[in-house]
Amino acid sequence: MDALSIELARHIGQVMTLQDAKDIARAVIGEKSLDLESIAPGWHSSAYTLTPLWLDSAFSSLEAHRINGLAEIHPGEPVDVRWDRIRELERMGRYVIFAAVGPDGGLAASLWLYFTPSLNNGTLTVTDDMLYVEPEVRSSLLAVGLCRYAEAVMFGLGARACTLQSFNVNKAGRLAKFLGYQKVADLYRKTNYSGEASLTPTRHQGATNG
């Protein structure tokens with residue numbers, strides 16, 4: 001039986017209050033959520049406010065960023081974002097979204113990050129899930145400012161390593177190098193949405209059998 005089931009079992013037959021729900025959530029996930037409200041905002045060129053956001057504090061704008069970002073990075077692939085899972089990771093203090101807010105209150109850029117302990121040594125590590133910048137401001141250094149702000153916040157919260165991914169379509173490798181990151185790997189990807197197993201020999205197998 002998982003922790004949530006145990007806590008709910010303790011309240012069988014009782015009228016559930018908001019405080020009861022908060023107590024259950026605290027018992028299940030602990031006091032691990034990040035206190036985003038206590039993090040001081042930053043600024044970029046005096047026009048953009050840089051700040052961490054909860055997903056639901058600007059859901060419609062963040063949803064648009066993620067959908068548009070996925071369409072650019074993985075064009076033509078099916079999209080079914082696990083919003084509930086993102087919310088769960090937020091509550092656990094394992095996922096953070098940083099955004100650049102324009103003078104009109106709209107989101108000009110968003111950076112979505114995993115914040116997790118390494119399975120190898122327990123070191124808190126930041127790994128980007130997605131970076132999206134509105135097309136009209138991509139020629140500026142807004143992405144640089146947002147990444148540097150997020151780095152400063154996350155290192156201040158205990159992170160000791162950051163990883164940025166670069167895709168061929170967004171050429172984020174140039175941004176990573178500009179920020180002082182070192183290339184440590186090449187990323188290869190294979191997709192199979194049909195669900196059918198492929199029996200086609202690889203080039204290596206074909207050469208061996210030939």
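Values below: all heavy atoms of this structure, side chains included; hydrogens, waters and symmetry mates excluded.
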- Query: Are Y132 and V81 linked, directly or through other ILVMFWY residues, by side chains that come within less than 4.5 angstrom of each other?
  - Reply: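 Shared cluster, no.
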
[X] vs [Y] side-chain heavy atoms within contact, under 4.5 Å:
{"X": "F178", "Y": "C147", "answer": "no"}
{"X": "I86", "Y": "R66", "answer": "yes"}
{"X": "V101", "Y": "L50", "answer": "no"}
{"X": "F98", "Y": "L53", "answer": "no"}
{"X": "T127", "Y": "T125", "answer": "yes"}
{"X": "L131", "Y": "L164", "answer": "no"}
{"X": "I97", "Y": "L111", "answer": "no"}

- Contact list for residues 177-187, test side chain to side chain donor-acceptor pair (under 3.5 Å), sequence neighbours left out: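 Only E151-Y181, K183-D186 qualify under side chain to side chain donor-acceptor pair (under 3.5 Å).
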
- Message: Going by side chain to side chain donor-acceptor pair (under 3.5 Å), name the pairs with one or both residues in residues 67-80, residues two or more places apart or in two chains.
- Response: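 As it turns out, the side chain to side chain donor-acceptor pair (under 3.5 Å) pairs with a partner in residues 67-80, which skip direct neighbours, are E72-R138, H74-R189, E77-R189, E77-Y193.
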
- Query: Is the backbone N or O of D128 less than 3.5 Å from a side-chain atom of Q165, with the two atoms forming a donor-acceptor pair by type?
  - Reply: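 Answer holds: yes.
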
- Query: Does L55 offer a backbone N or O that forms a donor-acceptor pair with the side chain of E90 under 3.5 Å?
  - Reply: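 Indeed, once roles are kept as given, a pair shorter than 3.5 Å links the two residues.
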
- Atom CG in L146, atom OG1 in T51: separation rounded to 0.5 Å?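 Those atoms lie 10.0 Å apart.
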
- In Å and rounded to the nearest 0.5 Å, what is the CD to OH distance from E88 to Y95?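 So the gap between those two atoms works out to 13.5 Å.
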
Report all side-chain donor-acceptor pairs from residues 112-119 shorter than 3.5 Å, counting only partners two or more places apart or in another chain.
from, atom 1, to, atom 2, distance (Å)
W112, NE1, S110, OG, 3.0
S118, OG, N120, N, 3.0

Identify all side-chain donor-acceptor contacts of residues 37-44 below 3.5 Å with residues at least two apart in sequence or on another chain.
from, atom 1, to, atom 2, distance (Å)
E37, OE2, W54, NE1, 3.1
S38, OG, D35, O, 2.7
S38, OG, D35, OD2, 3.3

- For S166 and G173, work out which heavy atoms get closest and say how close.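 Taking S166 first and G173 second, the nearest heavy atoms are OG-N, 2.7 Å.
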
- Task: Of all the heavy-atom pairs spanning H65 and L107, show the shortest one and how long it is.
- Result: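 Shortest heavy-atom separation between H65 and L107 comes out as NE2-O, 3.3 Å.
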
List, one per line, each side-chain donor-acceptor pair under 3.5 Å for residues 156-163, sequence neighbours excluded.
from, atom 1, to, atom 2, distance (Å)
R160, NH1, F155, O, 3.3
R160, NH1, G158, O, 3.4

- Task: Among residues two or more places apart or on two chains, list those pairs meeting salt bridge (Lys or Arg N to Asp or Glu O under 4.0 Å) that have a residue in residues 48-61.
- Result: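 Pairs touching residues 48-61 that pass the test: D56-R87.
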
- Message: If you apply the rule side-chain contact (heavy atoms from CB on, under 4.5 Å), what do you find for L36 with V96, and how did you get there?
- Response: CA-CA 9 Å; L36 302 187; V96 188; 4.3 Å; yes

